[in-house]
Amino acid sequence: MSELAAAPGAGPLPGPAPAASPPSVEPAATPPPARGGAAALVERVAPYLFLSPAMVLFLIFVLGPMIGTLVLSLFHWDLLGEPTFAGTDNYSKLLDDETLRKALGNTFEFTFWSIVLHVGLGLILALGVSRKTWRVTRYFLRTAYFFPFLVSWAATALIWKYAYDPAFGVFTYYGDKIGLPGGVLVDAHWAMPALILVDLWHTIGFSFVVILAGLQAIPSHLYEAALIDGANAWRRFWHVTLPMLSPTLFFVTVISFIGAFQIFEPMFLMTRGGPDGATISVVQYLYETAFRDFQVGYASAIALLVFVIVLLATLIQFRLRRRWVHE
């Protein structure tokens with residue numbers, strides 16, 4: 001037997017070691033072609049060019065008027081003569097103006113009830129429409145609730161002024177049957193509630209649509225899990241609907257405050273701020289100060305006061321958001 005034969009039970013004979021394969025060499029990344037000076041400049045400037053239309057509009061219609069208002073608040077000017085420097089006289093006058101205090105009180109009252117009714121009634125209407133009903137019914141209700149929001153304030157005020165008319169208004173006719181005064185717009189106790197009702201009719205559609213969109217964005221599996229856990233309708237609403245809807249309610253609250261605090265049209269068109277200043281709003285007082293009394297400097301100071309109040313209230317709402325908004 002040959003010496004090279006393998007012994008019984010032994011493993012294979014060792015052969016020559018395979019040659020090691022050379023390491024693979026990654027091809028070097030090709031550097032991007034160097035951009036020329038003009039191309040690099042265009043790349044840097046392009047974002048600002050796209051932003052420039054919005055920036056120009058912001059400068060012309062927002063920042064520019066704000067700076068102009070700040071400057072005018074330091075002067076006495078009647079729109080016709082030469083402005084005279086007043087320093088802080090217009091701001092000192094704010095502290096002693098009884099009409100301004102009354103207008104601010106009316107505006108805060110109107111704003112409070114506007115927020116409560118828009119959020120509360122908007123939520124109730126949205127919950128009702130979001131229930132499983134006929135599709136045609138849902139479309140009809142959405143349109144019916146939102147349609148008044150598309151009507152101009154001038155037309156809305158004219159319609160409701162006729163409805164409140166002491167002689168032939170429909171509200172006067174039915175109000176007499178339940179003991180309400182004949183002309184609510186000339187009654188100091190009922191004029192403000194009447195205007196709040198008009199504003200609610202005109203703008204509830206916006207709150208309704210926004211809240212309805214928030215309801216439809218809530219995942220259905222959350223309700224299914226709550227049902228499996230045995231939660232009744234009230235617990236599902238309290239522990240699922242409200243937490244998931246809280247960002248939408250926060251948005252409606254902020255927008256309602258900003259809009260209600262700047263209310264002008266119903267007061268100016270329906271009551272002229274009467275009777276006896278019971279419905280005058282701060283924006284109406286600002287308008288009359290500037291264009292009826294021709295005290296443009298003082299009106300500018302009032303405008304800045306309104307801006308500061310709205311800004312502070314909005315910041316407070318964003319600060320309190322952490323306590324009740326589910327994110």
Side-chain angles (χ1 to χ4, degrees), residues 103-130 138-164 169-171 184-185 190-217 245-273 278-287 303 306-307 309-311 313-314 316-318 321 325:
L104 285 172
N106 293 338
T107 305
F108 275 111
E109 177 186 357
F110 180 91
T111 302
F112 171 78
W113 287 111
S114 178
I115 293 174
V116 171
L117 293 174
H118 277 78
V119 175
L121 186 58
L123 178 59
I124 293 173
L125 294 177
L127 288 171
V129 172
S130 65
R138 292 200 301 268
Y139 286 163
F140 172 77
L141 292 176
R142 292 176 190 174
T143 305
Y145 292 146
F146 189 74
F147 179 77
F149 186 70
L150 304 178
V151 182
S152 68
W153 255 120
T156 300
L158 183 63
I159 293 170
W160 282 85
K161 191 172 183 179
Y162 276 106
Y164 285 142
V170 61
F171 276 88
V184 292
L185 294 182
W190 288 98
M192 182 60 77
L195 294 183
I196 292 173
L197 177 61
V198 174
D199 174 73
L200 180 66
W201 178 85
H202 182 253
T203 57
I204 187 62
F206 175 79
S207 303
F208 158 75
V209 168
V210 174
I211 296 175
L212 180 62
L215 282 173
Q216 293 175 342
L245 196 62
S246 56
T248 303
L249 297 179
F250 171 74
F251 171 78
V252 172
T253 302
V254 173
I255 295 299
S256 297
F257 177 87
I258 295 174
F261 201 84
Q262 300 177 80
I263 194 68
F264 168 74
E265 293 89 345
M267 285 77 173
F268 182 75
L269 296 173
M270 297 180 67
T271 64
R272 296 287 175 174
T279 60
I280 187 171
S281 69
V282 66
V283 175
Q284 180 190 354
Y285 182 57
L286 184 160
Y287 171 84
V306 173
F307 169 74
I309 292 175
V310 172
L311 177 63
T314 304
I316 291 173
Q317 291 179 81
F318 271 89
R321 177 187 60 176
V325 176

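Both backbone and side-chain heavy atoms feed into the values below; hydrogens, waters and symmetry mates do not. Just so we're clear, the structure is a prediction, and the values are computed from it rather than from any experiment.
Between L158 and L269, the closest side-chain pair of non-hydrogen atoms is not below 4.5 Å. Looking only at side-chain heavy atoms (C-beta outward), S281 and N106 stay at 4.5 Å or farther from each other. Using a 4.5 Å heavy-atom threshold, the side chains of S130 and L212 count as touching. Looking at heavy atoms from C-beta onward, V283 lies out of side-chain contact with I263 at the 4.5 angstrom threshold. The shortest side-chain heavy-atom distance between L200 and H118 falls under the 4.5 Å cut-off.
From R272, atom CZ reaches atom OG1 of T279 across 11.0 Å, with rounding to the nearest 0.5 Å. Put simply, CG on L195 and CG on L185 are 6.5 Å apart, with the number rounded to the nearest 0.5 Å. Rounded to the nearest 0.5 angstrom, M270 CE and T156 OG1 are separated by 9.5 Å. Atom CG of residue L127 and atom CD1 of residue I124 lie 8.0 Å apart, to the nearest 0.5 angstrom.
Between F250 and F318, the angle of the ring planes goes over 60°, which puts this pair in the perpendicular group of the 30/60° scheme. Between F268 and Y287, the angle of the ring planes goes over 60°, which puts this pair in the perpendicular group of the 30/60° scheme.
The six-membered or imidazole ring of W153 lies away from that of F264, with a centre-to-centre distance of 6.0 Å or more. Aromatic rings from F108 and F261 are positioned such that their centres are separated by under 6.0 Å.
Of the possible donor and acceptor atoms, none in the side chain of Y145 sits under 3.5 Å from a partner among the backbone N and O of F208. The backbone N or O of V282 lies less than 3.5 Å from a partner atom in the side chain of T107, making a donor-acceptor pair. With hydrogens and angles ignored, the 3.5 Å screen pairs no side-chain donor or acceptor of S114 with any backbone N or O of F110.
Partner of F206 under the side-chain contact (heavy atoms from CB on, under 4.5 Å) criterion, out of V210, I204, T203, V209: V210 alone.
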